[in-house]
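Each residue takes its place number in the sequence, starting with 1. What you are looking at is a predicted structure, and each value in this text was computed from that prediction instead of being measured.
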Amino acid sequence: MVVMLRPYRTQVLIGHALLALAVYLAVPVEKASLWPLEIWGGLHIPVWVWPALLGATGLPLAQTRKARIGMLLCQLSVIWLVTVGIAAYLASGWNPMSVLCAVLALHAQWTSVDLKAVAAALGTGVR
């Protein structure tokens, strides 16, 4: 597998945004705008799960130089960002968190498309 010389610039931005969101969710203070994340879909999810998911996606996304891996991690980050954005919307309607997550999810989707084109140009077999 051919690797890029450096990580894709917008991929690193999304990775850092996910890491910042993970730190925000990990800080042990009450976050009234994100309570739906704890009871998502009728399940009682422990408070450490969302920071772990965001951190486990954001850290490799910010560091990987493989376009195919970056593409997959960007797609996964779209799922996490949309989930957090919907939770913020359900808790308090339109607010800065839901709008920011929507914009970042759209950005992550387009970055994934760009990384797919990079992977195809580098000859990694992604079509």
Side-chain angles (χ1 to χ4, degrees):
M1 179 180 290
V2 180
V3 297
M4 299 180 290
L5 293 177
R6 62 187 169 102
Y8 201 62
R9 190 175 301 164
T10 54
Q11 152 196 338
V12 174
L13 170 73
I14 295 166
H16 288 165
L18 287 176
L19 289 173
L21 188 56
V23 169
Y24 171 74
L25 290 176
V27 173
V29 295
E30 187 173 337
K31 296 164 194 70
S33 65
L34 295 176
W35 64 266
L37 289 176
E38 297 174 6
I39 55 168
W40 196 259
L43 301 172
H44 292 285
I45 301 172
V47 296
W48 58 268
V49 170
W50 288 105
L53 287 174
L54 294 170
T57 305
L59 188 62
L61 184 60
Q63 295 177 344
T64 189
R65 295 186 307 148
K66 297 179 181 175
R68 190 174 197 177
I69 303 295
M71 177 186 69
L72 294 173
L73 288 172
C74 277
Q75 287 295 314
L76 191 58
S77 69
V78 169
I79 295 169
W80 302 147
L81 288 168
V82 167
T83 303
V84 171
I86 289 173
Y89 177 77
L90 288 175
S92 59
W94 286 108
N95 58 38
M97 177 68 88
S98 59
V99 173
L100 182 62
C101 285
V103 171
L104 278 174
L106 183 63
H107 184 66
Q109 182 63 41
W110 281 109
T111 300
S112 179
V113 170
D114 290 344
L115 285 169
K116 182 176 181 180
V118 169
L122 291 175
T124 57
V126 178
R127 300 199 192 283

Atom [atom1] of [X] and atom [atom2] of [Y]: how far apart are they, to the nearest 0.5 Å?
{"X": "Q11", "Y": "D114", "atom1": "CD", "atom2": "CG", "result": "11.0 Å"}
{"X": "L73", "Y": "K66", "atom1": "CG", "atom2": "NZ", "result": "11.5 Å"}
{"X": "L21", "Y": "L53", "atom1": "CG", "atom2": "CG", "result": "11.5 Å"}
{"X": "L61", "Y": "C74", "atom1": "CG", "atom2": "SG", "result": "4.5 Å"}
{"X": "H44", "Y": "I39", "atom1": "NE2", "atom2": "CD1", "result": "7.0 Å"}

According to side chain to side chain donor-acceptor pair (under 3.5 Å), who are the partners of [X], at least two apart in sequence or on a separate chain?
{"X": "E38", "answer": "none"}
{"X": "W80", "answer": "T57"}
{"X": "T83", "answer": "none"}

Would [X] and [Y] show up in the same hydrophobic cluster when neighbours are defined by side-chain heavy atoms closer than 4.5 Å?
{"X": "V49", "Y": "L37", "answer": "yes"}
{"X": "I69", "Y": "I79", "answer": "yes"}
{"X": "M71", "Y": "L106", "answer": "no"}
{"X": "L25", "Y": "W35", "answer": "no"}
{"X": "L43", "Y": "W50", "answer": "yes"}

When you measure from the side chain of T64 to the backbone N and O of P60, does any donor-acceptor pair fall under 3.5 Å?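 Looks like no, no N/O pair under 3.5 Å.
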Please output the side-chain donor-acceptor pairs of residues 84-103 that fall under 3.5 Å, not counting sequence neighbours, one pair per line with the distance.
residue: S92; atom: OG; partner: N95; partner atom: ND2; Å: 2.6
residue: N95; atom: OD1; partner: M97; partner atom: N; Å: 3.1
residue: N95; atom: OD1; partner: S98; partner atom: N; Å: 2.8
residue: N95; atom: OD1; partner: S98; partner atom: OG; Å: 3.2
residue: N95; atom: ND2; partner: A88; partner atom: O; Å: 3.1
residue: N95; atom: ND2; partner: G93; partner atom: O; Å: 3.4
residue: S98; atom: OG; partner: N95; partner atom: N; Å: 3.2
residue: S98; atom: OG; partner: N95; partner atom: O; Å: 2.9

Running the 4.5 Å side-chain criterion over Ile, Leu, Val, Met, Phe, Trp and Tyr, what cluster does L59 land in, apart from itself?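 Cluster partners of L59: L19.
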Could you check whether any side-chain heavy atom of H107 comes within less than 4.5 Å of a side-chain heavy atom of L13, counting everything from C-beta outward? yes
Less than 4.5 Å apart, side chain to side chain, heavy atoms only: is that true for T111 and L115?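 Yes. Closest side-chain heavy atoms under 4.5 Å.
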Residues V118 and A67: closest non-hydrogen pair is CG1-CB, 4.0 Å
Taking all atoms of both residues into account, what is the closest heavy-atom pair of A105 and V82, and its distance?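 Minimum heavy-atom separation between A105 and V82: CB-CG2, 3.8 Å.
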Modelled atom types, side-chain donor and acceptor of S112 and Q75, under 3.5 Å: yes
Pairs involving residues 19-28, ordered by first then second residue, that meet side-chain hydrogen bond (donor to acceptor under 3.5 Å, both in side chains) (sequence neighbours left out):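 Passing the test, one end in residues 19-28: no pairs.
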